[in-house]
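Here is the structure we will look at.
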There are 6 protein chains.
Amino acid sequence: MLNRNIENFIGCDASYEESKIVIFGAPFDSTTSFRPGTRFASRAMRADSFGLETYSPYLDRDLEDAAVFDSGDLELCIGDAKMALKDIEERAGIILEDGKLPVMIGGEHLVTLGAFKAALSKYPDLHIIHFDAHADLREDYLGAGLSHACVLRRCWELTGDGRIHQFGIRSGDRSEFMWAQEGHVEMRKFDFDGLEKCLESIQGKPVYLTVDLDVLDPSVFPGTGTPEAGGVTFTELLEALGKVCRMADVKACDVNELCPSYDASGVSTAVACKVLRELLLMLRV
Amino acid sequence: MLNRNIENFIGCDASYEESKIVIFGAPFDSTTSFRPGTRFASRAMRADSFGLETYSPYLDRDLEDAAVFDSGDLELCIGDAKMALKDIEERAGIILEDGKLPVMIGGEHLVTLGAFKAALSKYPDLHIIHFDAHADLREDYLGAGLSHACVLRRCWELTGDGRIHQFGIRSGDRSEFMWAQEGHVEMRKFDFDGLEKCLESIQGKPVYLTVDLDVLDPSVFPGTGTPEAGGVTFTELLEALGKVCRMADVKACDVNELCPSYDASGVSTAVACKVLRELLLMLRV
Amino acid sequence: MLNRNIENFIGCDASYEESKIVIFGAPFDSTTSFRPGTRFASRAMRADSFGLETYSPYLDRDLEDAAVFDSGDLELCIGDAKMALKDIEERAGIILEDGKLPVMIGGEHLVTLGAFKAALSKYPDLHIIHFDAHADLREDYLGAGLSHACVLRRCWELTGDGRIHQFGIRSGDRSEFMWAQEGHVEMRKFDFDGLEKCLESIQGKPVYLTVDLDVLDPSVFPGTGTPEAGGVTFTELLEALGKVCRMADVKACDVNELCPSYDASGVSTAVACKVLRELLLMLRV
Amino acid sequence: MLNRNIENFIGCDASYEESKIVIFGAPFDSTTSFRPGTRFASRAMRADSFGLETYSPYLDRDLEDAAVFDSGDLELCIGDAKMALKDIEERAGIILEDGKLPVMIGGEHLVTLGAFKAALSKYPDLHIIHFDAHADLREDYLGAGLSHACVLRRCWELTGDGRIHQFGIRSGDRSEFMWAQEGHVEMRKFDFDGLEKCLESIQGKPVYLTVDLDVLDPSVFPGTGTPEAGGVTFTELLEALGKVCRMADVKACDVNELCPSYDASGVSTAVACKVLRELLLMLRV
Amino acid sequence: MLNRNIENFIGCDASYEESKIVIFGAPFDSTTSFRPGTRFASRAMRADSFGLETYSPYLDRDLEDAAVFDSGDLELCIGDAKMALKDIEERAGIILEDGKLPVMIGGEHLVTLGAFKAALSKYPDLHIIHFDAHADLREDYLGAGLSHACVLRRCWELTGDGRIHQFGIRSGDRSEFMWAQEGHVEMRKFDFDGLEKCLESIQGKPVYLTVDLDVLDPSVFPGTGTPEAGGVTFTELLEALGKVCRMADVKACDVNELCPSYDASGVSTAVACKVLRELLLMLRV
Amino acid sequence: MLNRNIENFIGCDASYEESKIVIFGAPFDSTTSFRPGTRFASRAMRADSFGLETYSPYLDRDLEDAAVFDSGDLELCIGDAKMALKDIEERAGIILEDGKLPVMIGGEHLVTLGAFKAALSKYPDLHIIHFDAHADLREDYLGAGLSHACVLRRCWELTGDGRIHQFGIRSGDRSEFMWAQEGHVEMRKFDFDGLEKCLESIQGKPVYLTVDLDVLDPSVFPGTGTPEAGGVTFTELLEALGKVCRMADVKACDVNELCPSYDASGVSTAVACKVLRELLLMLRV
């Protein structure tokens with residue numbers, strides 16, 4: 001008798017019961033204002049993860065020893081952000097209830113709002129570490145509040161001041177930067193300077209880590225909807241992720257904004273896969 | 001003194017006052033369920049129209065003699081179908097009120113609903129001639145009623161039975177075909193057989209013509225979100241459009257579902273431009 | 001508790017026990033002499049099958065009613081044709097032993113040899129119906145006998161004269177055409193003329209159907225390693241497949257030579273998916 | 001001792017002395033008004049010709065038996081049409097003087113002017129058979145007389161009325177069509193109707209055959225600078241070429257306007273190669 | 001009443017009268033010796049500028065406060081460098097006469113010659129700051145003097161020794177480097193070392209700034225005709241531009257050699273847009 | 001009389017007799033486990049080398065002064081690694097016997113085994129300097145010993161411990177890294193640290209230099225089958241090559257793993273060409 005065709009991110013073959021980390025995909029990009037297509041990210045990453053090794057020579061650890069389960073993609077209602085966010089919140093909620101750490105693959109950045117809500121409801125004093133090229137702090141975007149460009153603002157509405165910590169930001173409209181400077185969020189422009197100090201300041205707090213991969217320079221990661229020159233290197237991102245995972249108590253996380261069709265070389269998908277592998281091996285669970 | 005940079009579809013340089021036909025773009029694709037990107041169609045068509053002549057050797061007419069005005073693209077709220085449809089309805093309404101014929105460039109097929117509403121409010125006994133590969137007759141799509149896959153069903157809710165006439169249909173789920181067979185709409189599968197008879201039957205009625213360009217075979221028109229093998233040829237489409245424009249009283253129309261980024265050869269955009277040129281020259285105004 | 005990520009060709013969700021048809025992928029292309037990449041076909045078809053409906057308006061049947069199981073891809077040793085063919089033969093053999101009809105997705109055309117051997121061992125008087133642009137009848141290719149360019153010749157060595165029936169052939173070296181004319185195989189150049197007569201002549205015999213998708217014109221199906229202008233249309237192929245499935249006793253079959261990366265529009269993959277859907281619905285099991 | 005790296009169009013390996021046909025490439029596209037890139041055509045055709053067989057099942061002839069020499073590409077001064085045309089005229093002249101038939105691979109269509117001049121100087125009563133989507137009959141293009149859009153007009157200035165015979169034309173500005181109708185040239189729109197009659201009328205005359213490959217429908221041949229929907233099929237073109245080669249006394253010819261980079265599938269280059277192979281085998285020398 | 005479709009580079013919406021800086025496009029690439037296509041740069045930059053913010057977090061300035069007018073593209077005669085350069089010179093001349101600073105978007109680098117001439121005629125002691133991978137100092141290119149490969153040599157003929165200052169140069173033939181070393185121009189290889197010293201040495205002089213974007217490393221900016229590994233980073237270019245704009249009296253400038261079709265990811269166009277935004281905000285007017 | 005079409009890598013026009021370095025291509029990629037296509041590298045490099053100058057401003061040397069002969073590509077049996085390696089060994093052997101230095105252009109990395117064998121038979125104490133992202137030290141890959149993933153292991157079987165020196169390695173399975181640590185090979189992870197010390201330690205020994213271009217960061221070199229983020233820069237690679245060529249006695253070398261079709265921008269091919277030019281100019285012969 002033959003088996004069904006199971007497709008996991010490479011090395012994520014633990015049973016649900018034994019797993020400590022659970023991956024899921026959130027293929028949604030309906031509010032992407034410039035170039036859409038991140039809905040195809042999770043599928044592309046699973047497929048191309050087979051060009052990657054399970055072993056990390058950086059960490060000398062192997063995904064085959066990590067206890068990771070890949071629960072596949074949600075079937076989200078393209079075109080209806082509210083319904084999509086509700087489904088995302090529910091999936092993240094189940095994983096958290098089961099005592100596991102959810103790792104979401106976006107989709108556009110708006111999907112963070114769903115998973116963050118689930119985590120916030122379990123960890124009311126949750127902080128956000130946010131790596132991104134874009135501030136995502138708008139009040140609304142052409143009238144819509146549920147937009148990728150507003151996602152951190154929506155999160156802030158749930159946490160209040162001082163709980164969001166942004167790094168690598170190099171794009172936004174003037175009002176976003178001014179609003180940040182008013183002290184609502186901690187924003188570090190261009191790079192990761194001050195990350196360690198920030199992590200020390202929130203030691204002991206639960207943390208939601210959200211990684212918009214466009215924080216990387218477009219030379220490293222061209223496959224994204226809104227490439228922004230002047231970003232961080234792959235090595236800088238790995239080091240920053242290492243610091244977060246070592247120093248902070250990450251309870252949930254996501255990587256998002258890979259848009260595979262904009263990089264036919266496959267490099268961006270390969271980079272996203274490698275970031276995810278390293279992250280999965282870094283998370284302390 | 002230098003002038004601002006005006007970009008029109010080639011040959012559409014009449015003043016608004018003298019124009020009889022008014023083009024506008026509806027760059028919206030938030031509900032596209034498979035592969036998005038039609039939001040870039042109108043801009044690509046304007047740019048590549050300069051590879052096209054204004055003269056049609058088919059019709060021996062020239063766009064330079066037609067009185068067409070290009071009013072540019074709407075700025076639609078990506079992610080919010082309701083708001084987008086309202087803006088579309090408003091633009092089409094203005095053009096109709098001014099006694100001109102609106103020609104909308106989509107965008108995904110859902111945009112038709114906005115323009116159709118505007119035309120229906122002026123012509124309550126409006127019929128729809130619909131060329132498409134897909135039936136677009138679903139009750140809902142993953143829970144959403146405002147979806148490209150439901151757009152003709154939404155139109156039907158406004159007109160009732162017998163007012164929608166579909167040609168070229170070769171894809172849909174079983175329930176759509178069954179629902180059509182119950183007599184709610186007239187559906188011709190695969191080709192344009194029966195078009196003349198249909199046009200005779202609605203002679204004298206005002207008509208909204210909606211052309212989903214994926215009615216064309218993907219060999220002719222690969223640049224679309226959901227290519228469906230087995231479509232009509234370019235010549236067959238031109239002939240069918242000619243029949244509609246000669247025999248029916250077209251009051252408004254649209255061409256939609258070009259997704260330029262899926263056809264890097266530029267052929268699909270060139271085909272869309274040529275269909276639009278011929279249509280503009282065929283319309284009796 | 002969450003489920004693993006199962007990925008099937010759309011609508012092929014029957015259990016193995018209840019299934020009558022079993023799909024498997026043979027991602028192998030090591031002997032491709034010109035442009036490789038067919039190894040990615042089966043995965044691309046599963047992914048893009050979600051742009052396709054399960055319902056066929058041609059046949060008025062639905063994959064959801066067919067009893068098809070998708071057993072996923074073999075993990076074949078790239079670079080070693082012998083080992084790969086052995087694994088293919090084994091998988092096809094299991095399916096045939098279990099009384100089900102194997103449908104293999106290539107891969108390059110050489111994979112046919114493995115599945116054909118399995119079927120031949122169950123049905124010693126097996127005939128081959130072969131749709132292709134290329135004759136594939138070489139004695140060897142640069143010294144290698146196990147090559148896509150020789151696959152039908154290798155099959156012929158197992159069957160002897162008169163058991164292979166080729167249609168649509170429009171490419172090969174002179175010696176292949178001369179060898180065919182000596183009567184070893186029945187070869188119809190360019191189209192499907194004579195197919196019905198051929199099918200009548202082998203009525204009652206078991207048949208292996210192998211469809212090299214490059215029999216289609218490259219305008220319809222550009223995504224293949226060696227495109228050959230002057231091929232058949234999609235409709236002609238559908239009709240020919242319909243005749244084979246109605247008139248012949250197909251015991252096993254394959255579709256092969258889709259190379260998705262050569263057609264970034266996705267049309268070729270969509271065409272392959274539609275051919276497979278129609279074939280699955282046509283097969284009498 | 002090792003040999004230098006010789007690269008010919010497949011099967012064109014005769015010595016110059018024994019050859020009856022001589023190929024050369026004219027990689028020039030400086031006046032291309034829309035999308036440039038035909039300068040890469042001849043090189044791409046040589047490279048991809050190795051995906052083609054030397055044997056034609058249409059004609060049952062083989063390039064290995066034809067006496068064709070490939071003299072490589074001219075090094076033309078990009079940016080200076082006059083200098084480029086002079087070099088082309090010289091190369092074609094040498095081949096004609098040596099009693100051989102020149103077959104030029106363009107480049108944009110302007111290159112025809114150089115080779116035509118060389119042939120006209122040997123055959124003063126030379127006629128032109130011209131297959132193209134575009135009339136190429138403009139007096140000038142933005143002030144420049146040496147433009148691809150004017151090439152047949154420049155030829156006409158050398159021959160006078162009645163010596164140019166155009167087929168497949170489906171694009172141009174109104175003045176070109178009007179000028180043609182004044183009787184300066186014979187123009188057949190859209191297809192090859194009347195070709196045989198035309199060929200009969202010029203029986204015995206020397207003929208220059210120029211094939212702008214965009215006469216093909218863009219579905220068959222997307223890789224060209226200015227694709228024009230509504231063209232002829234591959235089979236129709238082969239048949240028309242067969243008629244010309246059988247009925248007319250072709251003294252020189254060219255195929256032009258392949259722009260390989262616009263068709264990443266490689267199909268257009270493959271089509272161009274196959275057209276060239278058939279043409280080389282059809283020419284009576 | 002509806003408005004015409006105006007398309008500006010983002011945020012460049014000042015009236016001509018109030019503007020201090022005037023953009024224009026010079027879509028010309030007829031002399032490009034390797035891979036053409038820069039003619040599409042200005043249009044692509046306007047279109048994709050909408051993925052960019054008007055606000056610069058580097059400078060804390062906003063294009064909405066700058067007084068920039070976008071006068072669109074010239075319609076240049078493709079194929080005739082002399083005519084094209086004359087039109088460019090005329091447009092730049094009008095802008096300079098009106099007391100505004102012209103910012104030209106190329107096109108290939110030859111276009112600089114036209115704008116430079118206009119500026120030189122107003123500022124006879126004009127210096128050139130030249131950022132580029134290529135020296136562009138050839139006497140001629142395959143016989144043509146008006147070639148992108150000779151543009152700085154042509155400028156030198158107008159200025160004499162010591163007025164051209166090149167940075168980042170890493171490609172050229174030997175004679176170009178030797179000629180530069182003879183002291184005709186100041187050439188800095190590979191990077192911007194010595195830029196400040198150079199700027200000090202020409203303090204008070206009027207400056208024409210020409211930026212060939214291929215000075216950037218191809219990892220950052222792959223979309224150019226002749227990519228040269230080993231270039232500067234985006235940050236290094238920004239810093240160098242900042243120095244020039246702060247320390248020198250820039251009277252006119254250009255950015256050129258973006259070839260959008262060679263970078264389907266859109267990153268190169270995004271980089272060019274960001275360089276232009278920063279430059280527009282840096283210029284002291 | 002006209003000449004045949006000779007195509008060399010730019011500037012490699014010496015006669016075989018006078019040449020000291022001989023290039024050949026090994027277009028083989030049958031064992032590539034992830035994404036194939038390196039078979040097209042040597043041809044692409046010859047074609048695109050014409051976008052490169054023969055002069056190096058890094059070294060102030062010119063290929064026109066170097067004595068390099070380009071012997072073209074081997075015609076290797078795709079699908080049969082043993083036969084291919086034998087042909088490669090033979091070609092490298094002829095060049096070595098003639099007292100010249102072979103420079104092979106891959107192809108996948110397995111081709112190194114053939115050329116290395118030829119060199120080892122002339123220089124029994126040959127060492128290998130290996131630049132790569134991947135360790136390539138597997139015992140077998142899915143059962144096959146002749147695989148790109150095993151090539152250095154196969155070489156080790158011929159040399160024993162201590163003769164292979166790897167730099168830049170950042171990918172492999174755990175067992176490869178463990179096996180290396182057992183002392184069989186010298187492996188430096190991620191970068192070139194320790195290269196000089198290594199070169200000192202093998203001073204006076206003959207060296208085979210093998211450069212897998214994926215040692216470069218994918219931002220610099222995306223066009224490869226298995227891109228691995230975190231690689232070295234172009235400048236770092238040039239410097240490392242300079243050290244090897246100055247300090248070691250290189251007897252044979254290769255550059256491999258360019259897969260041109262994965263980088264449509266052409267940058268990767270341009271980078272490979274520039275690496276090859278610099279290497280040819282650095283080699284002491």
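Each chain gets a letter, A, B and so on, in the order its sequence line appears, and its residues count up from 1. Just so we're clear, the structure is a prediction, and the values are computed from it rather than from any experiment.
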Mind checking the [atom1]-[atom2] spacing from [X] to [Y]? Nearest 0.5 Å is all I need.
X	Y	atom1	atom2	value
D60(E)	M178(A)	CG	CE	9.0 Å
F50(E)	R35(A)	CZ	CZ	15.5 Å
D62(E)	F177(A)	CG	CZ	11.0 Å
D263(E)	D263(A)	CG	CG	9.0 Å

Q. By a 4.5 Å heavy-atom criterion (distance strictly below it), what part of D48(E) contacts chain A: side chain, backbone, both, or neither?
A. both
Q. Tell me, side chain or backbone of F221(E) under 4.5 Å from chain A's heavy atoms, or both, or neither?
A. neither
(Q) Are the side chains of S175(A) and Y55(E) in contact, using a 4.5 Å heavy-atom criterion? (A) no
Q: Identify the residue among P227(A), P222(A), C259(A) that makes a side chain to side chain contact (heavy atoms under 4.5 Å, CB included) with S265(E).
A: P222(A)
**Q.** Exercise: identify the closest heavy-atom pair between S171(A) and P57(E)
**A.** N-CG, 4.2 Å
Q | Derivation and outcome, salt bridge (charged side-chain N to carboxylate O under 4.0 Å, His left out), residues R138(A) and E53(E) | A | CA-CA 13 Å; R138(A) 297 188 190 216; E53(E) 305 286 346; 2.5 Å; yes
Q: Identify which of S268(A), G172(A), G230(A), G225(A) forms the greatest number of heavy-atom pairs closer than 4.5 Å to chain E.
A: G172(A)
Q) Do other residues, nucleotides or ligands put more than 12 heavy atoms under 6.0 Å from K20(E) NZ? A) no
Q) Should the pair R174(A)-D65(E) be classified as a salt bridge under the 4.0 Å nitrogen-to-oxygen rule? A) yes
Q) Under a 4.0 Å N-O cut-off, is there an ion pair linking R170(A) with E278(E)? A) no
